[in-house]
Amino acid sequence: MSTRPRIAVLLAILAIVLAACGSGGGSAAPSAAAPSAAAPSAGGASEAPASAAAGGEPVTVDWWHITTGDPGKSDFQAAADAYMAEHPNVTIKTTVLENEAFKTKLSTTAAADYPDLFQSWGGGIMAQQADAGLLKDITADIADWKDTINAGAMSIYQYQGKQYGVPWDMGMIGFWYNKKLFEQAGITAPPATWDEYLDAVGKLRAAGIDPLAIAGKDKWPSMHLWTYLVLRNGGGDALSQMIESGDWNTDACKKAGEDVLALNALDPYQAGYKNADYNAEAASVGNGKAAMELMGQWAPSVQADQSADKKGLGDDLGWFPFPTVEGGAGAATDGVGGGNGIAVGVNAPPEAIDFLKYFSGTEVGNKLNTDGVGLSTVAGTEATVTDPNLQAVLAGRGDATFMQLYLDQATSGALSQAFNDATIALFLGQSSPEEVCQALTDAAAAG
Amino acid sequence: MTAISRPSRSRPAVSTRWLTIGLFVLPALVLYAVFVILPVLQAMQYSLYKWNGLTPLTDFVGLQNYVTAFGNKAFQTSIGNNVLVVVLSLFIQIPFSLTLAVLLNRRFRGRAILRLLFFLPYVLSEAVTGIVFTLMLQPDSVLDTSLKTVGLEGLIQDWLGDSTLVMVTLFVIISWKYFGFHMIIMLAGLQGIPRELEEAALIDGADRRQSFRYVTLPLLGPTIRVSVFLSIIGALQLFDMVWVMTAGGPINASSTMAIAMFKAGFRSNQFGYGSALAVILFLCCLVVALLYQRFVLRRDTEGAITAYGG
């Protein structure tokens, strides 16, 4: 008799366990049904702006971004709040994630649960997301306002002729240098050609100054230097062709490698560069130890942040575009750059795109510029960039005859990693130019 | 409810007992299956595909990912580094911990404080240890200035940037972090050995060295074998500290299997290839664990430890 209740208890436990499993399976069912529910709303896109204006059905827009620090975080929230105040039927649900957490979370999110708007860098990963059917083609939706955005920046969020996102920040990589140290070494003007550049490096080293800071552990800063050399030697079309075909056994690739070896020969890097991360690189420039780094528009703020006095170089900091290479096909105005944008998820309602239009207006653009959150891509916001160095970057971006997205972002898979791995071996003197070009060709073939 | 009903209940009691065990084990079993067995099987499946984690699994490539892995120089270096750490741990770290344990097992003033100090590094997380040592090993940082102050500037190296030296540097730091752990395990083992046995050996004319060699060491066998086992598995899975300190660099000089796997999966989104590396790492650990259980640990788990003690 006493065994019966015991069995009953055990069966009850079993039932709870099974119920727990059952509910796990159950929750999957509605989410699996979601795509079909989303389909009609996508189909109704044409009539939607009217319903939004009329303050129609309540709509929630899911927005994931990685602007975790202020003032950017508050600016983003303020933009969402301002839009919601004007559109009472729209709720913009922002999810703020740290960069790595964002990438992990996005890669484990099923299509049905994909956010409507989310952080994107364009390029290779965005192309993979588009191939997987996770993004919405917004080419037609933004046709009437796309010309207000910087065209070079917009092209980074295109894939196979379709627009999948809109950039709100776009910069360009160039040399940041310490004017005082240049003076000490007797360099009167920033170098305009690679020979002049090597000459300047030699003078700095002779004056007992570390000429150039790179980051052997993080690899990508020197990868950008190599990219620029390929671009200057071969030109934009040749570089695009290498990316397209996956054949890196080209003259431009080999010549770029030889140019790096010529630089290596001058012992140009800061102490401990082999295991330095980007913060250490920025610190050596910000503390006035190394004279230069090749970096994007964020360099001044990171230098200040990493420097001992938290101030960085201030007025001693200058910027010059990457020098031209004698006999190279590339122009001085060809650039390497990148930035931040917002991609549109496959299930996004029309209101999400309407908010994106608001976010890409001059009001938000000016705010992002004045707060130093980014370099706005919106036409007519240039005046709110007041820092002379950022103005120089902005001018470089405006004059750009060709803009190459950072190679590790423009590509995906094995190749994207190989750019960093193969080129750092060149800078550390453990690879020949030919080996680098071959490694990239192999990686491109592996996919 | 009384003695009368007892015999009649004895038969069902056996089956109820199994039912009870089964039902109590079930939740744990379900969790284990869902969060351990299933992911392992999934990784095995993914490893047969070329897959970027976003598209459906369609590009079946058979064992190609495994062929690529073993032909890849960086992965060969990674395996070599794992083996190096295993070997160095066994021949340097474990004997060092044993020596300390024996010394600290003696009675003297300050013994408890020393034990605490030696155990302290183990309390730190690997990431914290990695960051602290990275800072100390920067050029012109704590270590280099200390060497200069005592006139040994000739010894200064690019501790984490020199590709021939980086594994040695890392091994020293790993040892610094884990010797206290192994020391505590062995101290516990030593305290389980009755003093009378050593005293008896001394009375029988053995000197201290002999008594250690023929009495203490054999009796400490089971403890050492467990310590060695933990050390091997830890060395095979080595990731956190290396990732924080060098990210496997310079180039791939300090890469390990786990780092190669992480980079393939989460840095370049080659989830198929990354899964293949994960399966290789899993099989390495599994084979080592099974062989070790079968040939080394079995004599301990079979009981009668002292009978095998010679």
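The chains referred to below are lettered A, B, ... by the order of the sequence lines, with proteins before strands, and numbering in each begins at 1. Predicted, not measured: the structure shown is a model, and the values here were computed from it.
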Ignoring hydrogens and angles, state whether a donor on the side chain of [X] or [Y] is under 3.5 Å from an acceptor on the partner side chain.
X: A:Q303; Y: A:E293; value: yes
X: A:S120; Y: A:Y157; value: no
X: A:Y269; Y: A:N264; value: yes
X: B:S255; Y: B:S78; value: yes

Proximal component of A:A446, with respect to chain B [non-hydrogen, under 4.5 Å]: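 Interface part for A:A446: backbone (N, CA, C, O).
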
Of the backbone (N, CA, C, O) and the side chain (C-beta and beyond), which part of A:K219 lies under 4.5 Å from a heavy atom of chain B, both, or neither?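 A:K219 touches chain B through side-chain heavy atoms alone.
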
What part of B:T68 lies closer than 4.5 angstrom to a heavy atom of chain A: side chain, backbone, both or neither? neither

Do the ring planes of B:F60 and B:Y49 sit parallel (below 30°), tilted (30 to 60°) or perpendicular (above 60°)?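 Rings of B:F60 and B:Y49: perpendicular, over 60°.
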
For chain B, the option from [options] that forms the most heavy-atom pairs under 4.5 Å:
options: A:Q128, A:K103, A:Q129; result: A:Q128
options: A:N275, A:L428, A:D218; result: A:N275
options: A:A132, A:G413, A:A271; result: A:G413
options: A:S431, A:A280, A:G272; result: A:G272
options: A:S107, A:A418, A:A414, A:S416; result: A:A414

Given B:K263, B:Q64, B:Q138, the one with more heavy-atom pairs under 4.5 angstrom with chain A than any other is B:K263

B:K73 atom NZ: more than 12 heavy-atom contacts under 6.0 Å: no

Is any side-chain N of the basic residue among B:K148 and B:D140 closer than 4.0 Å to the acidic one's carboxylate O? yes

